[in-house]
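Just below is one structure, and these are the notes that go with it.
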Amino acid sequence: FLAMFGELRYTVDTISALDRVGEVVARYRLTATYGSMPIDIAGVMWFVVRDGKVARRTDVWDSLTFLRQTGQAD
């Protein structure tokens, strides 16, 4: 799915360590083009780090904003 985004870029707004050891949250803005349409979407990545390596990454972003910006929803 993300391969369809041209000029894909993540800009990190904030990074926060959670109370649980090895868990980090990064708030970001995703900018790209989808077809010829520019998109700009807020999102959050949640990382679980073990032994200095990312063990899990969960990425959550606003899909309704994507659909609206690409003309697929009102």
Side-chain angles (χ1 to χ4, degrees):
F1 174 70
L2 291 177
M4 298 179 350
F5 291 1
E7 303 172 42
L8 177 63
R9 180 180 174 102
Y10 293 94
T11 303
V12 176
D13 294 328
T14 61
I15 298 176
S16 304
L18 300 180
D19 289 338
R20 294 171 280 201
V21 174
E23 295 188 20
V24 177
V25 172
R27 291 181 50 217
Y28 67 84
R29 303 232 26 114
L30 177 154
T31 56
T33 55
Y34 184 79
S36 61
M37 294 169 269
I39 57 172
D40 182 350
I41 302 168
V44 174
M45 287 186 195
W46 173 22
F47 298 93
V48 175
V49 180
R50 290 199 181 92
D51 300 322
K53 297 179 181 177
V54 175
R56 184 178 69 214
R57 180 188 112 183
T58 304
D59 192 354
V60 180
W61 51 279
D62 187 348
S63 58
L64 181 56
T65 295
F66 168 76
L67 293 173
R68 286 180 174 154
Q69 289 180 9
T70 58
Q72 300 177 65
D74 295 329

Which atom pairs, one a donor and one an acceptor, fall under 3.5 Å between side chains of residues 2-11 and the rest of the protein, sequence neighbours left out?
none

Starting from Leu18 and following side-chain heavy-atom contacts under 4.5 Å between hydrophobic residues (I, L, V, M, F, W, Y), which residues can be reached?
Val25, Val44, Trp46, Val48

Supply the atom-to-atom distance Thr33 OG1 to Ile39 CD1, rounded to the nearest 0.5 angstrom.
7.5 Å

How far apart are the C-alpha atoms of Tyr28 and Asp59, what are their side-chain angles, what is the distance that settles it, and do they pass the side chain to side chain contact (heavy atoms under 4.5 Å, CB included) test?
CA-CA 10 Å; Tyr28 67 84; Asp59 192 354; 2.5 Å; yes

Is it true that atom CZ of Arg29 has more than 12 heavy atoms of other residues, nucleotides or ligands lying nearer than 6.0 Å?
yes

Check: residues 63-74 side-chain donor-acceptor pairs under 3.5 Å, at least two apart:
unit_1 : atom_1 : unit_2 : atom_2 : d
Thr65  : OG1    : Asp62  : OD2    : 2.6
Arg68  : NE     : Asp74  : O      : 2.8
Gln69  : OE1    : Asp40  : N      : 2.7
Gln69  : NE2    : Asp40  : O      : 2.9
Thr70  : OG1    : Phe66  : O      : 2.8
Thr70  : OG1    : Leu67  : O      : 3.3
Thr70  : OG1    : Gln72  : NE2    : 2.7

